[in-house]
Amino acid sequence: MLVAGNWKMNTDVSEGRALADAIAEGLSSSPPDLGDVDVLVCPPYVHLPAVLDALAEVPVTVGAQDMHAEGEGAYTGDVSAPMLASIGCDAVILGHSERREYYDETDADVNAKAKQAQAHGLVPIVCVGETLEERQAGEADTVVQDQVDGALSGVSVDSGDALIVAYEPIWAIGTGESAAPAQAQEMHAVIRDDLTERYGANVADDIPLLYGGSMKPHNAYGLLSQPDIDGGLIGSASLAADSFLGIAEKAVEVQEESGS
Ligand code: PEP
């Protein structure tokens, strides 16, 4: 189980440091024994060194929210996979719906970035998800399968450690209205089938499939207890240590109950 926070473009560096300190404090003073639950935070680029430092002594890994598809070059304003790897990042969010909407990122862009991320030891967190209109038109499965196929074409994955996929229905992001657990599970099963066809069941079963879209402590248990939901990608609730760790505690509860 993986609980991942996407801070988006929120907090200045000192606020981000304070948030990371509060997460570290929460994990060391009254430690919810995390067991097999992994925790990851993805702050803005400029926060990364401070956040890495703040979390150095606790079992929380750090990722970025995007990166360029090239390793270096004349790309003013961009950040590369080798840069992220060189400071100790473990993962990178790719193809978030906000990147797709505001920067016209395509599945082909996500695909190139995923390959580049893997080449530098970063785990790509590939985000997919349909709009409300697409869902209402009965196209949700096809849209998501197309995104998965486009993003992963030629991406080799030989173990569940090499890839994370996040299903984030766009209508649930930042709206306070999460998908119903059964609705999310249905799409996760579609994605799992797709990954099974692509990588075989042994690998596909180990690829973490995260749900994202208004996950909060009060609805996390229902979502995380679904068989194909292996964690959450959390936006606004990751901006406060108590709600973020509250979700991690629900993940621990689910994990303990499932006996794994
Ligand atoms: C997100 O944007 O990745 C997200 C899931 O946001 P929120 O939790 O705020 O809906």
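As a basis for the values below, the full set of heavy atoms in this structure was taken, side chains included, without hydrogen atoms, waters or symmetry mates. Atoms within each ligand, like the ligands themselves, are counted from 1 in listed order.
- Of all the heavy atoms in Leu34 and Pro59, the pair that sits closest is CD1-CG, 4.2 Å.
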For a quick test of your reading: what N or O donor-acceptor pairs under 3.5 Å do the side chains of residues 198-208 make, sequence neighbours left out?
unit_1 : atom_1 : unit_2 : atom_2 : d
Arg198 : NH1    : Leu152 : O      : 3.4
Arg198 : NH2    : Asp149 : OD1    : 3.1
Tyr199 : OH     : Val155 : O      : 2.7

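- Cluster partners of Leu233, using a side-chain heavy-atom cutoff of under 4.5 Å among ILVMFWY residues and allowing indirect links, are Leu2, Leu40, Ile93, Val123, Ile125, Ile164, Leu210.
- Here the closest heavy-atom approach between residue Ser28 and residue Ala24 is recorded as OG-O, 2.6 Å.
- Look at Lys216 and you'll find every heavy atom at least 4.0 Å from all atoms of ligand 1.
- Of the candidates Pro169, Gly235, Gly176, it is Gly235 that places a heavy atom closest to atom 8 (O) of ligand 1.
- Contact between Val126 and Ala151 at its shortest, heavy atoms only, is CG1-CB, 3.7 Å.
- The distance from the NE2 atom of His47 to the OG atom of Ser14 is 8.5 Å, given to the nearest 0.5 Å.
- Residue contacts with ligand 1, taken as heavy atom pairs separated by less than 4.0 Å, involve Ile173 via backbone and side-chain atoms alike.
- Scanning all protein heavy atoms for the shortest distance to atom 1 (C) of ligand 1 gives His96 NE2, 3.3 Å.
- Taking atom 2 (O) of ligand 1 as the reference point, the nearest protein heavy-atom neighbour is Lys8 NZ, 2.5 Å.
- Remark: ligand 1 atoms within the under-4.0 Å shell around heavy atoms of Gly213 are 5 (C), 10 (O).
- The shortest separation from a heavy atom of Ser214 to ligand 1 is under 4.0 Å, placing the residue in contact.
- Ala172 counts as a contact of ligand 1, since one of its heavy atoms falls under 4.0 Å from the ligand.
- Heavy-atom proximity to Gly174, at under 4.0 Å, picks out these atoms of ligand 1: 7 (P), 9 (O), 10 (O).
- In this structure, CH2 in Trp171 is found 5.0 Å from CZ in Arg135, a value given to the nearest 0.5 Å.
- The two atoms that bring Pro82 and Gln116 nearest to each other are CD-OE1, 4.0 Å, heavy atoms only.
- Of all the atoms in ligand 1, the ones that sit under 4.0 Å from a non-hydrogen atom of Asn6 are 3 (O).
- In terms of protein heavy atoms, atom 3 (O) of ligand 1 is closest to Glu168 OE2, 2.8 Å.
- Which parts of ligand 1 touch Ser236 is read off a 4.0 Å heavy-atom cut-off, strictly below it: atoms 7 (P), 8 (O), 9 (O).
- Listed by number with element, the atoms of ligand 1 under 4.0 Å from a non-hydrogen atom of Leu233 are 5 (C).
- When all heavy atoms are compared, the tightest approach of Ala117 to Ala81 is CA-CB, 4.3 Å.
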